[in-house]
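Below is one structure; the comments refer to it alone.
Protein chains get the first letters and strands the later ones, always in sequence-line order, with residue 1 at the start of each.
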Protein chains: 2
Amino acid sequence: MPRPSDPHAKSRLLEAAERVFSEKGLDRAKVEDITTQAGLSKGAFYLHFDSKSDAFKELLSEVLAHLQCRIGEAKDGNLPALNQGFEHALEVWLARDLAMFEFIWKNRALMRITLEGGRSADYQHLIEHFASYAQSETEALLRQGVAAGIYRSSLDVEVAAAFIAGGYDRFARQLVRESKKPDLKKRLRELRWMVITGAGTPELISCLQQLPAEAERGDSMPPSESAAGPVAASASAVLSKTV
Amino acid sequence: MPRPSDPHAKSRLLEAAERVFSEKGLDRAKVEDITTQAGLSKGAFYLHFDSKSDAFKELLSEVLAHLQCRIGEAKDGNLPALNQGFEHALEVWLARDLAMFEFIWKNRALMRITLEGGRSADYQHLIEHFASYAQSETEALLRQGVAAGIYRSSLDVEVAAAFIAGGYDRFARQLVRESKKPDLKKRLRELRWMVITGAGTPELISCLQQLPAEAERGDSMPPSESAAGPVAASASAVLSKTV
DNA sequence: CAAGTCAATGACTCGCAGGTCACTGAGTTC
DNA sequence: GAACTCAGTGACCTGCGAGTCATTGACTTG
């Protein structure tokens, strides 16, 4: 005897909420804007959410949980990847970055609100918490690299982590404001190259500079670099022994 | 015959506004909170400001103008400083960073709202605009350094600038949330060292590693670094000729 | 088809906070 | 000390928008 509810009602509301929140922020978004865009009434909204900020929380926590997961995976998957050779680890690194930033691009409206702390007072801590999580995971990654002899032992790991996390953070903040999709792979390869040249040992860097620039695969060199001969595997040889 | 106004009224209101805005953000701050804290009435507030957001704008634009000024100076003063030798330029660099971050620390409450875009929808563009300004100025600085032979010519200046601006940005965002003042000079020296090792030519780096770690002056080396002999002036010699 | 359920509606309530303005009285001038 | 000015006051007005709830009617079940 029950009347079945529209199974799409809640998701339509969430989609509309995403649009409205990303335009106006939590405080200035009106529940009626959301319901109008979703083609539903105010009452329907309160059938699915306790309050305006409840819907907001649902949106944010979804995204942040996903990202946090990815970053954790990156660290935990790093050592195993290193054991299969440095070249392999490089590719895994790029693939993970790519997956993460593809996700950010796909959810850029939401990510933008997230990065801007919901443009509201109550949610800044979420993004700050996430940022410091990212930074500490980066730190762990760097320590692994130092231990493996990939990064200079003179590196101030803490500062470098803040720096690198900051670089990725800046990229993300730019990305969510972009209107057409940039070449993520290219940008991320450049970022990775910055990290390597900034933190890598001289031997690592000179080895990598010998690698052929197979731009279309996932290699470390920025395409602008003029590559010398194909000394290829030497880099991973140099490094895999140190692990 | 006129009754003279309390000359401190407006500044008391601005101070109170700073406190209230930094706690609640623009949208959630109440005018009455501000006036209560300032020990004045609501009416007095509207004697000095057209609206709540008017007061907010006055606070933000003050800070941003100041910062923008400093960054501009940094770029414009760089070439002259380089002409007096690299060592000198290094000190000027640190001094400027220090002045900037001292300012940020002193105005951390306000800076925090600023960095968080006022926790309101209308002012995000201000901070984004500022960030991209900082990035482009960094890019210009890097180009000067590359031209002077200090930074590697293979450097992707645009990406590096985003990275470095991101690093400073991250530091600023952490600083404004700190409750007791960290050793700014130390942190900034570390940041500078990151930039140098990340972007500098190998010759530059090895030269600098020879410099004695006169930690108390303004030198480039992170204190942890164990310094070799006092080859001091060689670095600036190497570089001053290239300028 | 009658009875019953419950998703959905939207007019309504209500508290809140931005902004106003008639009034007060401190200080000034002559 | 009378007249005057204007910074400052705070009760009040007002619009807005979050959240409610009596009502509707689509759909199920027997």
- Anything under 30° is parallel, anything over 60° is perpendicular, the rest tilted; go ahead and classify A:F103 against A:H66. parallel

- Item | Rounded distance (Å) that lies between atom P of D:dG8 and atom NZ of B:K10 | 12 Å

- Message: Is it true that, when you exclude A:E158 itself, more than 12 heavy atoms of the residues, nucleotides or ligands shown sit nearer than 6.0 Å to its CD?
- Response: no

- Message: Does A:E32 have more than 12 heavy atoms from other residues, nucleotides or ligands lying within 6.0 Å of its CD?
- Response: no

- d(CZ, A:R12; C1', C:dA7) in whole Å: 12 Å

- Atom CZ of B:F49 to atom C1' of C:dG18: distance rounded to whole Å? 15 Å

Using a cutoff of under 3.5 Å, can you pull out all pairs of nitrogen or oxygen atoms linking the protein to nucleotides 13-16 of chain C, with atom names and distances?
none

- Item | Separation of atom NZ in A:K52 from atom P in D:dG19, rounded to whole Å | 8 Å

- Query: Does NZ in B:K106 sit with more than 12 non-hydrogen atoms of other residues, nucleotides or ligands closer than 6.0 Å?
  - Reply: no

- Message: In terms of relative ring orientation, are B:F56 and B:F21 parallel, tilted or perpendicular, with 30° and 60° separating the classes?
- Response: perpendicular

- B:L13 versus B:A44, closest heavy-atom pair with distance: CD1-O, 4.1 Å

- Query: Can a salt bridge be assigned to the pair A:E190 and A:R187 using a cut-off of 4.0 Å between side-chain N and carboxylate O?
  - Reply: yes

- Item | B:H48 vs D:dG8: side-chain N/O to OP1/OP2 distance below 4.0 Å | yes

- DNA chain D contacts made by residues 32-47 of chain A, counting heavy atoms under 4.0 Å: A:K42, A:Y46

- Task: Using atom CG of A:L13 as one end and atom C1' of C:dA7 as the other, report the distance to the nearest whole Å.
- Result: 12 Å

- Minimum-distance pair of heavy atoms, taken over all atoms of B:A55 and B:F45: CB-CZ, 3.9 Å

